[in-house]
Student: 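Dumping the structure here so I can ask a few things about it.
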Amino acid sequence: MQKRIHELAGIEFNLNSPKQLAEVLFERLQLTGGKKTKSGYSTDAETLENLMNEHEIIGLILEYRTLAKLKGTYLDGLIPLIDPKKDRLHSTFHQAVTATGRLSSSDPNLQNIPTRNEEGRLIRKAFYPTVSDWRLVSADYSQIELRILAHLSQDAHFIDAYKQKQDIHRRTASEVFDVPFEEVSSSLRDKAKAVNFGIVYGISDYGLATQLRIGRKEAQGYIDRFFEEFPAIREYQTKIIAEAKESGFVTTLFQRRRYLPELSSKNYNLRSFGERAALNTPIQGSAADLIKIAMIQLQQEIEKRNLKGRILLQVHDELVCETPREEEELFKVLMKETMEQAIQLSVPIVVEVYSGDNWYELQK
DNA sequence: GCGATCAGCGCG
DNA sequence: GATCGTGCTGATCGC
């Protein structure tokens, strides 16, 4: 693949160097340069995708990047970290690193093992239980951040949607685009999903426009419609920012604080960043509080019942355990119940459970 | 030679 | 200028 790319470029160069790649694409091949970095033209995936029709080299570069990432980080990168005595890989979880209260994981990071693309997802086959014939059981919170937003804002429509077990993205699409719930197309649902996620992060019209590849005016229209239909969310967000500016910090459901000195900056960008963090932290941080409480309770249940199975990993909204086959069904029930009942919100908390022989095969 | 930084990209 | 929170790799910078 590398050879073919060099042939198409008409020159040999280091394909891993964004600087050299930019020179080849934007000077030698005269492709249309777009976004800039500190030092020159960007060659990131988004930029390259916009050049797909300009040159056949682009698709190959994107494919090379995907494979180089997988090989470098997840094959060559993980193998030396396997403890040869135990044939086992151990990560370190950090409890006091992030600003929101999440855990982080390093050496290696096991919270970013691929899942979004099939090629990468195959890496998960390498993660399987310590004992042959044991099973992996995983449980993840369904849309926990949007449920926490419903709880914090007390928005009647959001709470109603979750109480009725409605598909929230479809509900948002129905409200924002003013179409009957049953008639929402998948493309409208995708747009609404981007709006819902954007709201959690404090998105701008520009950010949403970029994400959806639409105009800024149109994006602003969606945001306006969202807040018209879910007025309590706007009121909640306005109040959070005002309180944060007054006190200097925001809090999570269990009173974890994040100080945000950026909120009083004279620099617009820094101040805006502070405002977005003020909106996101109570949500992301409360979800972190929740799963930590659930982890403590689950561990207590495991010890109380003298179970052989054990917790292996936490991935922000997901727990992964390994269990003897005889404990598989019990773990599924315990994990679901413990995680769903760890705290009470104004909306139901829903946990999906899966099991399988390895981290790739997990099924309901 | 080595640590820091940059660009890019993996995850929730 | 432009959506939050992370960690790792390879290239490059700078001492």
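Only this structure's heavy atoms are used, side chains among them; waters, hydrogens and symmetry mates stay out.
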Student: So which nucleotide from dG12(B), dG1(C), dG10(B) ends up closest to the side chain of Y268(A)?
Tutor: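 Nearest listed nucleotide: dG1(C).
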Student: Starting at atom CZ of R276(A), determine the distance to atom P of dC4(C), rounded to an integer number of angstrom.
Tutor: 4 Å
Student: For the pair made of OH in Y64(A) and P in dT9(C), what is the distance, rounded to whole Å?
Tutor: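 My rounded result for the distance is 15 Å.
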Student: At 4.0 Å (heavy atoms only), tell me whether A45(A) reaches a base, stays on the sugar-phosphate, or touches nothing.
Tutor: sugar-phosphate
Student: Does S105(A) reach a base, just sugar-phosphate, or nothing at all? Heavy atoms under 4.0 Å.
Tutor: sugar-phosphate
Student: For the side chain of T43(A), starting at C-beta, report the closest nucleotide among dG5(C), dA2(C), dG8(B).
Tutor: dG8(B)
Student: Let's test this: given Watson-Crick or G-U wobble pairing with both distances under 3.5 Å, identify the partner of dA4(B).
Tutor: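 dT12(C) - that is the nucleotide pairing with dA4(B), both distances being under 3.5 Å.
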Student: Looking across every strand, which nucleic acid part, if any, lies under 4.0 Å from R102(A) by heavy atom: base, sugar-phosphate, or nothing?
Tutor: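 It contacts base atoms.
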Student: Would you mind telling me which of R189(A), K193(A), Q143(A) makes a side-chain hydrogen bond (donor to acceptor under 3.5 Å, both in side chains) with D167(A)?
Tutor: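 Result: among R189(A), K193(A), Q143(A), R189(A) is the only option passing the side-chain hydrogen bond (donor to acceptor under 3.5 Å, both in side chains) with D167(A).
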Student: Of the listed nucleotides (dC9(B), dT6(C), dG12(B)), which one gets closest to any side-chain atom of K69(A)?
Tutor: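 Minimum distance to the K69(A) side chain belongs to dC9(B).
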Student: So, does N16(A) get its side chain near the phosphate of dA11(C), meaning an N or O under 4.0 Å from OP1 or OP2?
Tutor: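 Yes.
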Student: If you look at every strand shown and take non-hydrogen atoms under 4.0 Å, does L208(A) touch a base, only sugar-phosphate, or nothing?
Tutor: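 The residue L208(A) makes no contact with any strand.
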Student: Please answer whether the main-chain N or O of I199(A) pairs with a side-chain N or O of Q237(A) as donor and acceptor at a distance below 3.5 Å.
Tutor: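 Yes: the side chain of Q237(A) pairs with the backbone of I199(A).
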Student: Quick check: any donor-acceptor pair below 3.5 Å linking the side-chain of N112(A) to the base of dG10(B)?
Tutor: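 By the distance-only test, yes, there is a pair.
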Student: Does Q20(A) place a side-chain N or O at less than 4.0 Å from the phosphate oxygens OP1/OP2 of dT12(C)?
Tutor: yes
Student: Would you classify R271(A) as touching base, sugar-phosphate or nothing, given that sugar-phosphate means primed atoms plus P, OP1 and OP2, and contacts are heavy atoms under 4.0 Å?
Tutor: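 No contact at all - R271(A) keeps every heavy atom at 4.0 Å or more from the nucleic acid.
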Student: Select one nucleotide: of dG12(B), dT12(C), dG1(C), the one nearest the side-chain heavy atoms of S17(A).
Tutor: dT12(C)
Student: With heavy atoms under 4.0 Å as the rule, sort D107(A) into base, sugar-phosphate or nothing.
Tutor: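 It contacts sugar-phosphate atoms only.
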Student: Expressed as a whole number of Å, how far does the P atom of dG1(C) sit from that of dA7(B)?
Tutor: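 Their P atoms lie roughly 15 Å apart.
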Student: Could you tell me the separation between the CD1 atom of I223(A) and the CD atom of Q220(A), rounded to the nearest 0.5 Å?
Tutor: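 Output value for this atom pair is 5.0 Å.
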Student: Under 4.0 angstrom, heavy atoms only, what part of the nucleic acid is Y41(A) near: base, sugar-phosphate, or nothing?
Tutor: nothing
Student: Between dC9(B) atom P and I123(A) atom CD1, what is the distance in whole Å?
Tutor: 17 Å
Student: Heavy atoms only, 4.0 Å cut-off, all strands: where does V97(A) land among base, sugar-phosphate and nothing?
Tutor: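 Result for V97(A) = sugar-phosphate.
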Student: Under 4.0 Å, counting only non-hydrogen atoms across every strand here, what does A287(A) touch: a base, just sugar-phosphate, or nothing?
Tutor: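 Here A287(A) touches no strand at all.
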Student: For a quick test of reading the model: is some side-chain N or O of T37(A) closer than 4.0 Å to OP1 or OP2 of dA7(B)?
Tutor: yes
Student: Could you state the atom-to-atom distance from CG of L319(A) to P of dC11(B) in whole Å?
Tutor: 19 Å
Student: Nearest whole Å is fine: how far is dC11(B) P from I291(A) CD1?
Tutor: 18 Å
Student: Given atom NZ of K19(A) and atom C1' of dG10(C), what is their separation to the nearest angstrom?
Tutor: 14 Å
Student: Quantified in whole Å, what is the P atom distance between nucleotide dA2(C) and nucleotide dC6(B)?
Tutor: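 So the two P atoms sit 15 Å from each other.
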Student: Both distances under 3.5 Å, Watson-Crick or G-U wobble: report the partner of dG5(C), or none.
Tutor: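 dG5(C) is paired with dC11(B).
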Student: Using OP1 and OP2 only, check whether a side-chain N or O of S42(A) sits under 4.0 Å from dG8(B).
Tutor: yes
Student: What do the steps show when you test Y222(A) against F226(A) for ring pair (Phe, Tyr, Trp, His ring centres under 6.0 Å), and what is the final call?
Tutor: CA-CA 6 Å; Y222(A) 296 172; F226(A) 180 92; over 10 Å; no
Student: Measuring from atom CD1 of I291(A) to atom CD of Q314(A), what distance do you get when rounded to the nearest 0.5 angstrom?
Tutor: 4.5 Å
Student: Taking the side chain from H6(A) and the backbone from F13(A), do they hold a donor-acceptor pair closer than 3.5 Å?
Tutor: yes
Student: Is it true that a side-chain atom of Q154(A) and a backbone atom of H151(A) form a donor plus acceptor pair closer than 3.5 Å?
Tutor: yes
Student: With rounding to the nearest 0.5 angstrom, report the OG1 to CD1 distance, T43(A) to I61(A).
Tutor: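 Atom-to-atom, T43(A):OG1 and I61(A):CD1 are 8.5 Å apart.
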Student: Which one, dG7(C), dC4(C), dG8(B), comes nearest to the side chain of S104(A)?
Tutor: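 Ranking dG7(C), dC4(C), dG8(B) by closest atom to the S104(A) side chain puts dG7(C) first.
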Student: Please tell me which of R258(A) and Y206(A) maps to the more 5' nucleotide of DNA chain C, matching each residue to the nucleotide holding its nearest heavy atom.
Tutor: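 Result: Y206(A).
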Student: Out of dC4(C), dC11(B), dG7(C), which has the shortest distance to the side chain of Q284(A)?
Tutor: dC4(C)
Student: If you only use heavy atoms from C-beta on, which nucleotide in dG5(C), dA7(B), dC8(C) is closest to the side chain of H316(A)?
Tutor: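 Taking heavy atoms from C-beta onward, the closest nucleotide is dG5(C).
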Student: Could you state the atom-to-atom distance from CG of L149(A) to P of dG12(B) in whole Å?
Tutor: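 Rounded to the whole Å, the gap is 20 Å.
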Student: Using atom CZ of R65(A) as one end and atom C1' of dC8(C) as the other, report the distance to the nearest whole Å.
Tutor: 15 Å
Student: Just call it for N14(A): base, sugar-phosphate, or nothing, with non-hydrogen atoms closer than 4.0 Å on any strand.
Tutor: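 Sugar-phosphate, backbone atoms only, no base.
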Student: Need one value for S272(A): base, sugar-phosphate or nothing, where a base atom within 4.0 Å counts as base even if backbone is also close, heavy atoms only.
Tutor: nothing
